[in-house]
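Okay, so here's the structure we're looking at.
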There are 4 protein chains.
Amino acid sequence: MRFFSDNAAPAHPKVLEAIAAANRLDTAYDGDALSQRLDGAFSDLFGTEVRAFWVTTGTAANCLALAALCPPYRAILCHRDAHIEVDEAGAPGFFTGGAKLVLLDGEGAKVTAETIAEACDGIRNDVHQVQPAAISITNATEYGLVYRAAEVAAIGDLAKQRGLALHMDGARLANALVSSGDSLADLTWRAGVDALSFGFVKNGGLNAEALILFRTELADEIAVRRKRAGHLLSKGRYLAAQLLAMLDGDLWLDNARSANAAAQSLARTAPRRLVYPVEANEIFLKVTAEEAENLRGQGFDFYDWGPGQIRLVTSWDQQGEALDRLASAIAAL
Amino acid sequence: MRFFSDNAAPAHPKVLEAIAAANRLDTAYDGDALSQRLDGAFSDLFGTEVRAFWVTTGTAANCLALAALCPPYRAILCHRDAHIEVDEAGAPGFFTGGAKLVLLDGEGAKVTAETIAEACDGIRNDVHQVQPAAISITNATEYGLVYRAAEVAAIGDLAKQRGLALHMDGARLANALVSSGDSLADLTWRAGVDALSFGFVKNGGLNAEALILFRTELADEIAVRRKRAGHLLSKGRYLAAQLLAMLDGDLWLDNARSANAAAQSLARTAPRRLVYPVEANEIFLKVTAEEAENLRGQGFDFYDWGPGQIRLVTSWDQQGEALDRLASAIAAL
Amino acid sequence: MRFFSDNAAPAHPKVLEAIAAANRLDTAYDGDALSQRLDGAFSDLFGTEVRAFWVTTGTAANCLALAALCPPYRAILCHRDAHIEVDEAGAPGFFTGGAKLVLLDGEGAKVTAETIAEACDGIRNDVHQVQPAAISITNATEYGLVYRAAEVAAIGDLAKQRGLALHMDGARLANALVSSGDSLADLTWRAGVDALSFGFVKNGGLNAEALILFRTELADEIAVRRKRAGHLLSKGRYLAAQLLAMLDGDLWLDNARSANAAAQSLARTAPRRLVYPVEANEIFLKVTAEEAENLRGQGFDFYDWGPGQIRLVTSWDQQGEALDRLASAIAAL
Amino acid sequence: MRFFSDNAAPAHPKVLEAIAAANRLDTAYDGDALSQRLDGAFSDLFGTEVRAFWVTTGTAANCLALAALCPPYRAILCHRDAHIEVDEAGAPGFFTGGAKLVLLDGEGAKVTAETIAEACDGIRNDVHQVQPAAISITNATEYGLVYRAAEVAAIGDLAKQRGLALHMDGARLANALVSSGDSLADLTWRAGVDALSFGFVKNGGLNAEALILFRTELADEIAVRRKRAGHLLSKGRYLAAQLLAMLDGDLWLDNARSANAAAQSLARTAPRRLVYPVEANEIFLKVTAEEAENLRGQGFDFYDWGPGQIRLVTSWDQQGEALDRLASAIAAL
């Protein structure tokens with residue numbers, strides 16, 4: 001019973017069905033009928049005109065976006081626990097051609113307009129210091145916290161004042177959205193987000209993520225950069241099919257609700273052990289090494305997350321008995 | 001009836017079955033059971049120890065390999081019609097950090113040890129000129145010609161003499177192999193190939209290609225570069241499953257034989273129109289603009305390839321009536 | 001008696017005097033009084049508002065300019081014998097982050113609007129092929145030919161039509177200018193040049209070249225890129241002093257005239273041996289290996305330039321006896 | 001009376017004389033007689049075989065070295081106040097092709113073997129996190145503190161254990177050396193330093209710095225990278241002449257002693273105001289805004305360095321009256 005990560009979960013059956021249904025000859029790359037439907041489908045979803053690109057990883061989505069938003073000689077502001085800083089093998093440096101990440105503090109991997117402003121103010125405006133060009137925030141954060149629309153908007157306002165672009169790493173945007181109660185539009189473009197890495201793989205997809213551009217004029221550059229990075233698959237229809245299947249009938253929202261509910265059911269069993277409030281589908285618990293060992297002995301797998309802490313992640317498919325058993329096991333510690 | 005490219009063909013049913021069969025929770029990235037089987041499976045296939053990496057595009061396979069074989073300040077020798085030069089949006093420059101492609105001539109996109117030696121001799125050995133570090137050849141070539149084992153070995157010998165690495169872009173290696181009658185080992189590592197982009201997508205795969213390292217000591221670097229380029233998919237098992245399905249029962253060879261046979265059946269109808277001998281699954285025909293129009297009017301799709309020429313590519317699944325009709329249509333021109 | 005290259009000649013005494021005169025404390029980098037005069041001095045010289053940057057090499061000037069004019073994922077069109085392609089160790093790839101050089105043919109390293117247009121037309125307008133962003137021409141060319149103002153203007157017009165930027169490598173612009181009889185303005189910005197590498201080192205300077213931006217809005221980016229490439233010297237006043245000394249009293253024009261005259265005096269001795277017309281300060285002669293040996297035996301040094309050809313370059317200081325002796329030696333072959 | 005920085009000071013007269021003496025024709029680039037003497041001269045100085053390269057800036061020296069010591073996909077450990085992080089416009093990212101700087105804490109911009117070990121231990125050894133390849137330390141540090149030979153050796157030992165390369169930014173190495181009383185060998189290669197940016201410009205040079213390789217096998221790569229970065233000046237003899245003049249008769253040590261003595265004379269006037277011990281030629285003082293204003297009113301120029309602090313830097317030529325007046329002014333605050 002693995003609670004390592006939602007990125008290890010199986011794909012939703014409807015995603016597999018969509019792949020199978022796409023299995024006929026069509027135009028290569030993104031010229032196929034399904035890929036051609038993406039701009040429209042996502043524009044409808046967001047309630048504004050967007051350009052949507054399939055890619056196969058969140059790293060690709062993040063770093064293609066950042067490369068278009070930040071020239072090689074400038075900087076991206078992000079939290080020091082941001083995935084782009086910690087877990088992407090330096091991909092931002094590769095895609096941007098050497099742009100710098102300026103690291104911010106903040107509880108639970110959350111940054112605020114204030115911390116960003118302070119960081120900017122600390123940079124001398126001359127050619128010796130790297131000037132900022134973009135902000136990247138992760139929603140839900142790497143610690144499972146959720147930015148509400150008003151919080152994103154405050155950052156978006158600051159970005160506008162300072163002439164900075166705003167990128168959102170939404171690897172778990174679905175979980176954040178259903179948790180926040182905000183609208184998708186309010187949480188993204190209305191709050192000033194320029195480009196969004198819209199995650200589906202952790203939410204029941206197989207290997208398709210979406211890169212959404214609210215600044216549609218960047219589309220040509222992104223198309224070239226995607227190709228140049230080896231991310232323009234020749235049979236793109238199998239990726240487009242996945243994304244469309246996820247949107248169809250709001251499967252993506254159902255899956256996120258399911259994962260969040262599972263997380264809540266675990267959180268309720270051990271409120272005092274929580275390192276952070278559980279707002280999405282990640283649970284960080286304070287447990288001793290012995291307690292961790294105990295849980296593992298009962299067949300539960302998860303990551304240690306620093307001394308005295310473990311991380312559990314719930315997935316769209318984690319319901320029923322395994323979940324109940326884990327909840328009981330935690331309660332019984 | 002599309003004869004645009006084999007990269008637009010559907011995936012083989014067994015590939016889809018393998019994906020479906022892989023649809024359960026497993027470790028993320030390439031820690032899953034299927035991904036872990038790749039080194040062994042490909043080592044068996046090649047009859048020597050290799051390291052095998054799944055990637056989703058030939059461009060990624062090519063350019064990850066080239067980045068490991070050529071530092072930013074040196075050059076890669078290739079044919080001027082090579083895919084890496086013509087159709088990858090400058091990806092080699094991106095992945096290597098600015099290495100140069102030195103372009104060679106040769107009929108049908110084929111280079112020889114002699115043309116390579118001559119190009120090397122033309123480079124002054126000083127810091128002002130970019131010194132070569134690697135050779136990249138494509139087999140089958142971009143014009144459907146096949147390097148025989150002895151030809152590759154001659155290039156491999158030269159590479160060794162000159163201290164150059166040898167990369168093979170094998171997007172259609174299967175087609176070349178069954179055409180040549182050589183063994184896979186003779187055509188690759190025994191001939192001096194250091195790294196191979198082993199194509200499966202054009203041969204019935206869905207979105208999995210293999211990067212094969214015969215110089216196994218490069219594996220750690222490639223693993224990092226793959227991640228850094230956003231090419232380490234979190235649910236890698238769906239890629240590994242495809243590759244294993246292709247190897248299983250020699251499906252990859254059957255598919256290639258089928259595509260090659262289709263090409264031969266077309267070639268036979270118009271021997272005098274052939275621009276190049278048909279050795280794999282690509283047919284370049286001399287046809288007038290009116291003839292091309294005529295064929296299109298009958299529902300056949302294909303690319304114009306320069307003035308007075310068209311390119312037809314056959315796929316693993318192109319048999320039966322459509323093929324016969326095209327053959328008849330060409331014969332009737 | 002060396003006729004290797006004008007880049008080995010001594011610096012003009014006035015340049016050394018200017019360096020000595022600058023030897024007092026001043027603000028670091030380019031904040032000093034001399035550096036601050038450059039924009040004005042060069043704006044006056046060109047008769048239009050420019051931004052002028054000192055750098056220490058032509059390679060730096062060329063590649064900083066190209067990096068600002070061409071994004072990493074696009075291409076620069078240049079002659080296949082251009083210095084940026086042949087003799088800069090791949091610097092354009094480094095500075096641009098992997099942009100491609102598309103190589104053009106043309107007698108004497110000269111390109112025309114027609115060859116450029118043809119090259120552009122040969123590039124499919126899709127994401128697979130690298131789209132052009134800039135043109136770079138060298139005046140005088142690497143073979144000592146001179147573009148007249150009308151020729152540059154034709155290229156400039158084409159550049160505008162195609163949305164391409166135009167860079168001029170003017171390592172020997174002074175020699176070209178005095179040869180052409182055109183005005184400096186006509187030969188550069190009025191002809192559509194966006195950025196100019198304005199050479200002084202080959203023309204009597206010590207180690208200061210100028211990068212001139214006619215598109216002044218690029219100045220901030222160039223300033224940052226110069227620093228980032230390690231080309232912002234902390235005691236910049238010694239470079240500014242050189243440039244101002246060269247402009248003072250038209251020393252740069254006098255030096256160029258002197259070098260050109262020396263070249264003409266050599267050219268006149270052997271009109272039938274000339275590979276190219278001598279328009280600036282480079283002479284390419286057809287001589288046999290024995291004749292070359294003969295000249296070397298008399299103490300003359302120069303480069304072989306392919307089989308049966310040698311290159312002689314004259315400098316600002318090459319007058320008098322040595323020159324006469326070489327002229328006699330050539331005549332006597 | 002400027003105490004901004006030693007990088008604004010004039011060049012020593014002997015340096016200018018050496019430049020003037022070099023002003024005759026010689027081979028271009030670094031083929032001239034003076035440049036050819038550098039390896040020998042610096043090998044003698046260090047008491048071991050080294051390879052020495054002239055460059056024009058410390059940023060170039062630092063980043064060429066780092067590019068040779070750290071591949072694009074790995075990291076360099078340095079202090080968070082290191083010049084390469086704070087004041088080089090992201091040059092390390094540019095030269096390395098996107099390598100990451102991992103920032104360490106430590107009083108006065110000094111790091112220890114312990115802090116480095118701790119940082120390494122905090123990096124998970126997998127492909128998701130950027131693995132370290134090199135350490136860079138600055139001696140004297142950006143706050144004027146000096147690493148003694150034993151401290152460098154402890155870092156060098158750790159580097160060896162961890163398989164990391166060790167780079168030293170010695171922009172003010174001369175000042176550190178005469179302060180420490182250690183031998184040059186003990187402070188550098190015997191302590192495990194692989195590559196050294198050896199500063200001369202802040203110490204009376206005009207525009208020549210030296211990059212010293214103790215790992216001589218890196219010389220070919222550095223030579224190419226220097227050219228590729230536009231740092232191979234065509235008239236290199238004027239740089240070599242400067243370096244040789246600085247070594248001649250130990251001018252470099254005399255200059256450093258002079259600057260350090262000036263700093264001590266200032267430090268003695270205000271021991272309680274010192275933010276850090278004055279070990280080289282930088283003095284950081286706690287002064288109120290009013291006091292700073294007072295000093296400026298008396299004609300002294302310097303940088304504010306955070307709230308309530310100023311930085312004064314003394315140069316090789318700062319002796320006599322101006323210095324005494326500043327000392328008095330500080331004492332009188």
Side-chain angles (χ1 to χ4, degrees), chain A residues 4-5 7 57-59 62-63 66-67 70-78 80-105 118-119 121-134 142 171 229 303-307 311, chain D residues 4-5 7 57-59 62-63 66-67 70-78 80-105 118-119 121-134 142 171 229 303-307 311:
Chain A
F4 274 131
S5 179
N7 73 4
T57 63
T59 296
N62 288 338
C63 295
L66 293 175
C70 180
Y73 49 84
R74 292 182 71 180
I76 299 149
L77 301 158
C78 67
R80 68 176 64 255
D81 292 326
H83 200 263
I84 56 171
E85 160 66 10
V86 172
D87 275 311
E88 300 192 353
F94 176 52
F95 279 80
T96 60
K100 184 176 163 177
L101 299 187
V102 173
L103 307 181
L104 309 176
D105 293 310
E118 201 179 330
D121 292 340
I123 298 172
R124 278 198 330 267
N125 185 11
D126 63 25
V127 299
H128 304 272
Q129 300 215 325
V130 182
Q131 303 303 307
E142 289 74 8
Y303 282 117
D304 291 320
W305 213 266
R311 186 187 83 162
Chain D
F4 274 132
S5 179
N7 73 5
T57 63
T59 295
N62 288 339
C63 295
L66 293 174
C70 181
Y73 49 84
R74 294 181 70 180
I76 298 149
L77 301 157
C78 67
R80 69 175 64 255
D81 292 326
H83 200 263
I84 55 172
E85 160 65 11
V86 172
D87 275 311
E88 300 192 352
F94 176 51
F95 279 79
T96 60
K100 183 176 164 178
L101 300 187
V102 173
L103 306 181
L104 309 176
D105 291 311
E118 202 180 329
D121 292 341
I123 298 171
R124 279 197 331 265
N125 185 10
D126 63 26
V127 299
H128 303 273
Q129 300 214 324
V130 182
Q131 303 302 308
E142 288 74 9
Y303 282 117
D304 291 319
W305 214 265
R311 186 187 82 161

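Letters go in sequence order (proteins before strands), and every chain restarts at 1.
Rounded to the nearest 0.5 Å, atoms CD (E85(D)) and CD (Q129(A)) are 9.0 Å apart. Atom NZ in K100(A) sits 13.0 Å away from atom NZ in K100(D) (nearest 0.5 Å). Here the CZ atom belonging to R124(D) is positioned 4.5 Å from the CG atom belonging to D87(A), to the nearest 0.5 angstrom.
Each of G98(A), G93(A), A89(A), P72(A) has some count of heavy-atom pairs under 4.5 Å with chain D, and the biggest count is that of A89(A). When each of L101(D), V86(D), V127(D), V130(D) is checked for heavy-atom pairs under 4.5 Å with chain A, V86(D) comes out on top.
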